[in-house]
Number of protein chains: 2
Amino acid sequence: MATEKIKIVIVGGGFGGIKIAKLFARENVDITLVDRHNFHLFQPLLYQVSTSVLSTDEIAYPIRSFFRGAKNVNLFMAKARGVDQERNVLITNHGEIPYDYLILAAGATTNFFGMKEVEEHAFGMKTIQEALHIRDHVLHEFERASKPYRTPEDRKKRMTFVVVGGGPTGVEEAGALTELIAIQKKEIHNLDFNDVSVKLIEATGRLLPMMPEDLQHKTVEVLKSKGVEVMLNTQVVGYDGDILKLKNGVEIPTTTVIWAAGVRAVDFIANCGGECARDGRIWIDEDLMVKGAIHQNVFAIGDCAAFMHGDMQRPLPTVAPVATQQAKVAYENIMKLIKGGSKDSLKKFVYKDLGAMATIGRGQAVVGSGLPGFMKPFFSSGFLAWCAWMFIHLLRLAGAHSNFTVAIKWTWNLFSGTRLGRIITNIKLDDDMTAEEQKALKKQTTLEKK
Amino acid sequence: MATEKIKIVIVGGGFGGIKIAKLFARENVDITLVDRHNFHLFQPLLYQVSTSVLSTDEIAYPIRSFFRGAKNVNLFMAKARGVDQERNVLITNHGEIPYDYLILAAGATTNFFGMKEVEEHAFGMKTIQEALHIRDHVLHEFERASKPYRTPEDRKKRMTFVVVGGGPTGVEEAGALTELIAIQKKEIHNLDFNDVSVKLIEATGRLLPMMPEDLQHKTVEVLKSKGVEVMLNTQVVGYDGDILKLKNGVEIPTTTVIWAAGVRAVDFIANCGGECARDGRIWIDEDLMVKGAIHQNVFAIGDCAAFMHGDMQRPLPTVAPVATQQAKVAYENIMKLIKGGSKDSLKKFVYKDLGAMATIGRGQAVVGSGLPGFMKPFFSSGFLAWCAWMFIHLLRLAGAHSNFTVAIKWTWNLFSGTRLGRIITNIKLDDDMTAEEQKALKKQTTLEKK
């Protein structure tokens, strides 16, 4: 070969990372995609894995499969540790990777806001392992509670499921849990279901902050009708694995706290040589370049990046459309630089808000903004909103086969009222684990979050 | 309630356990099904999970779902430890369960024939965790081998996949591995696939001993054409995780040895107060009662039981049809005893052999015996045999939804040549685990086997 190709390195195979890799795949460059996992994860449907609706394969797609026809794209499965901007290398647990251009698309993790005790005992829900962990735990608690030797207090504690955080993830999880419970009720003949409850705790006075107010009320209403106890204006101050402590002094005995109350950038972002916001996201210029990048060749997109126009109150939200729209602009800007353009010539990113939607359960969803006025009466909530939600999520799932089987599964669930995924695969959570083994498992799960 | 109902306790939710529980569900008795897992596992398709064809949910079905309409059947999720026949109690890790009649249907586990070193380093394939473990490991080895810093020796060692055992499981696993590799080859652009090999090792001179000789030859032929190196008359004497040692002195460097060379009863069976065969199976009378049962109320069926008519050379094989046929007779005999019959009045079990079948890969299978003569030329091997295999396995899978999605997936795989399940969920296997963590994981996996 005469000259070496330009080396593009992308950290993260989420919505942003996959999108920009696909764009670069058409160019005469070498692309290395670095991810800790070998799959792209459709995070918006993680809650369906945690509640036994979908199986892991249906929301996880092998990264290399996206690039079967693109010989210039390779996956480097590793954990990114940091960036040495002076030397133009990405540092990973499998050694250094030199780059000409680097795109940080590493995503976000759960934010416990410094509450170490809560972090240790509550479940996060950002990775497939965490979703499986929740599934295994919830199903196992039903089996444990059905044992005849349980005290009423112990049984009630195991049958109290608490979700913290009133955003889409928390709302969807709480709604899906009540449906899972309804199915369990049909099949667990030796358990008193009066002990079972689902509580949704939100620190502010409203659910789904991005939705118009009428849909926020509608959401509370639907959740309540499904049996969820919605606790607004309620703050969590501690959780030791047994008792959830609230700021108002109330204590809730529970073995299950699912934490969907906030996200922050993954730890790696702090070691990339940029300045970070309070939630760990790295500040980027309007051209999506990391603020103060030494060689003007490091960009950041998606959940790990903090982007603000001059007149904005807060950075853009951590949602998929931001990541994919930024991927396109970052790609265009890097191509300009490759062709000799200067920083001044780069395109400024402008976010186009496509609206928000959330399911509250089987056949129930809310769709806010993004709808033409005449459609609002039909599609903003209820069954048709759910159909719209289903359709849009299917369109975005990777792989035609997944689209098909997921569509069948959702339809099947709607009519049959069953959940096929109710299997406890992680038997290591069993009661007869030694304290030592439990500690080792806990440690591994904590490692996961990093 | 005037009088307490008769208590039937069943250990194991495999083919035999589920079948007999369904039969008793119609009677005026209380049934407790004890299993370490909350799901019934379709073991014949485990190899498809281990090679990324099917997902776990498709071959695992929640036990309680079988008994949604049967209020007299309950699952007791626990690990059985032993039986106290004098006191009529089953001992578990969650306490004792008293019984009037006990059916042992606890199944089998991998037999390493006392080779501790092999047991520690080779993969068994009897549980869903083991199948996932193989899947994660094989896929991860490809990712590890593709790293640029590997030495040629290291790369070759990681790309050598050895299956030990020439029965249906070993043949199916080896065939499926070559197909998985063919797909990996299309997508991993930075790996030399000349280093990749699959070896099938069998101690005797033939594969699939239950098949007629012409189909045995056919199987070797098909495997070879798929790229499997078939090593007959070859015995394994040791494996330390790096080097597989053969009796003939040959040493094979490999990081993957899948052990499908034998089964034995689970350890629990040794503590049930009966006499056991060399492979741990408990001897039963022709009426399926455990030989020498103190109170004539303990029966055993399926893989954990050793059954022989007077004129047989060896006990019946550990296959599903034996378990389900025995379930029916054990149920009938227990009902006779409940109604006051004596041991002399009980029915003697006679096994009806329905023939054997095995897939060798996409569109390839062999079907031995059980076929009417005129069908043999068409159905005994090749594509039509594969269709027959597919059809029969689908019929036996639990749940209409699984039948449907599995059928779609198989057809999809046949035409598209892809594997959707290629995701590494157990990131704990990652290279950056500490030695301590690896040890803890190993320990947990070993626990699984027990």
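Just so we're on the same page: letters track the sequence lines, and every chain starts at 1.
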**Asked** Just how far is it from atom CG of B/Asp57 to atom OG of A/Ser52, taken to the nearest 0.5 Å?
**Response** 8.5 Å

**Item:** Flag side-chain contact, heavy atom, 4.5 Å: A/Glu187 against B/Asn74
**Value:** no

**Message:** Before you tell me yes or no, could you show the steps for B/Ile183 and A/Arg68 under side-chain contact (heavy atoms from CB on, under 4.5 Å), namely the whole-Å CA-CA distance, both residues' side-chain angles and the distance that decides it to 0.1 Å?
**Reply:** CA-CA 10 Å; B/Ile183 292 158; A/Arg68 186 178 271 205; 3.6 Å; yes

**Asked** Charged N to carboxylate O under 4.0 angstrom, B/Glu143 versus A/Arg64?
**Response** yes

**Message:** Under 4.5 Å from any heavy atom of chain B, what part of A/Ile188 do you find: side chain, backbone, both or neither?
**Reply:** both

**Item:** Nearest-0.5 Å distance, CD of residue A/Glu96 to OH of residue B/Tyr149
**Value:** 13.0 Å

**Request:** Answer with side chain, backbone, both or neither: which region of A/Asn190 has an atom nearer than 4.5 Å to a non-hydrogen atom of chain B?
**Result:** both

**Prompt:** Closest approach of B/Lys147 and A/Met77, non-hydrogen atoms and distance?
**Reply:** NZ-O, 2.7 Å

**Asked** Are the side chains of B/Pro148 and A/Phe76 in touch, meaning some heavy atoms are under 4.5 Å apart?
**Response** yes

**Item:** Residue part contacting chain B, namely of A/Ser146, when any heavy atom lies under 4.5 Å
**Value:** side chain

**Prompt:** Taking atom NZ of B/Lys185 as the centre, does the number of heavy atoms from other residues, nucleotides or ligands within less than 6.0 Å exceed 12?
**Reply:** no

**Asked** Do any N or O atoms from the side chain of B/His189 and from the backbone of A/Phe67 form a donor-acceptor pair under 3.5 angstrom?
**Response** yes

